[in-house]
*Asks:* 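I have a structure I would like to understand better, so I am pasting it below and will then ask my questions one at a time.
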Amino acid sequence: MPLQQGTKFWLVWSPRGHVPTKKHQSFEIAEGEADRLAKIRPGRHFYVLECVGFAMEGENQPTKRQAERAAAQKAVDLPAEAAQTDART
C-alpha cells in the first residue's frame, strides 16, 4: 500500500549497517528494534528516525512541512512589512 500523506512511520538506521527496509508503525516499536539490534551488534549505534515529509515525482504541491515552514516565514516577515507600510504613511 503506498504511503498516504500524513502517515507517520519510523526507521532504525545504523551508519555501519544496511539501508533501512522496515517501516515501524510507532516510535516504541522502532525503539525496541534499535535496542534489540544494539544487543546483538555491540559497538554499533542504532538511530530511530521519524519520517516528517516526503516528495513525489510529478507533484507540484508543497508538502505539509513545506507549507508549515512557509507560514512560519510569512509570520516572521509580516512585522517587517507592517513597519515598512507604517513608515510610508
Side-chain angles (χ1 to χ4, degrees):
M1 186 165 127
L3 174 68
Q4 297 295 316
Q5 187 172 359
T7 302
K8 286 189 172 187
F9 66 89
W10 291 260
L11 303 171
V12 177
W13 173 75
S14 173
R16 294 175 47 201
H18 300 284
V19 175
T21 58
K22 171 78 174 157
K23 291 182 194 177
H24 300 283
Q25 298 305 308
S26 74
F27 172 80
E28 293 78 17
I29 293 170
E31 185 179 40
E33 178 65 1
D35 288 341
R36 184 188 75 79
L37 292 169
K39 288 177 184 170
I40 62 174
R41 293 180 176 87
R44 289 192 184 181
H45 295 271
F46 291 89
Y47 299 90
V48 176
L49 310 174
E50 179 182 0
C51 176
V52 296
F54 66 95
M56 178 183 271
E57 185 179 353
E59 294 287 324
N60 292 325
Q61 298 179 359
T63 64
K64 181 179 177 184
R65 182 91 170 153
Q66 289 169 328
E68 288 171 351
R69 281 190 220 147
Q73 185 60 46
K74 187 173 183 179
V76 169
D77 292 343
L78 284 178
E81 291 173 10
Q84 289 175 355
T85 302
D86 290 345
R88 287 186 222 148
T89 58

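The chain is numbered in sequence order, starting from 1.
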*Asks:* Please give me the minimum heavy-atom distance between Trp13 and His18, naming the atom from each residue.
*Replies:* CD1-O, 4.4 Å
*Asks:* Just verifying a value: how many Å separate Ile40 CD1 and Arg36 CZ, rounded to the nearest 0.5 Å?
*Replies:*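 Reported to 0.5 Å precision, the distance equals 4.5 Å.
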*Asks:* Between Ile29, Leu49, Val48, which is the residue that forms a side-chain contact (heavy atoms from CB on, under 4.5 Å) with His24?
*Replies:* Ile29
*Asks:* Could you give the distance from NZ (Lys8) to CD (Gln25), rounded to the nearest 0.5 Å?
*Replies:*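 If we round to the nearest 0.5 Å, Lys8:NZ and Gln25:CD are 12.5 Å apart.
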*Asks:* List the atom of Pro15, the atom of Tyr47, and the distance in Å for their closest heavy-atom pair.
*Replies:*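 Distance-wise, the nearest heavy atoms are CD-CE1, 3.7 Å.
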*Asks:* To the closest 0.5 Å, what do you measure between SG (Cys51) and CH2 (Trp10)?
*Replies:* 9.5 Å
*Asks:* Determine yes or no for a side-chain-to-main-chain donor-acceptor pair under 3.5 angstrom, with Ser14 supplying the side chain and Phe46 the backbone.
*Replies:* no
*Asks:* Is it true that Lys22 and Glu33 make a salt bridge, defined as a side-chain N closer than 4.0 Å to a carboxylate O?
*Replies:*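 Here Lys22 does not pair with Glu33 in a salt bridge, since their nearest N and O are not under 4.0 Å apart.
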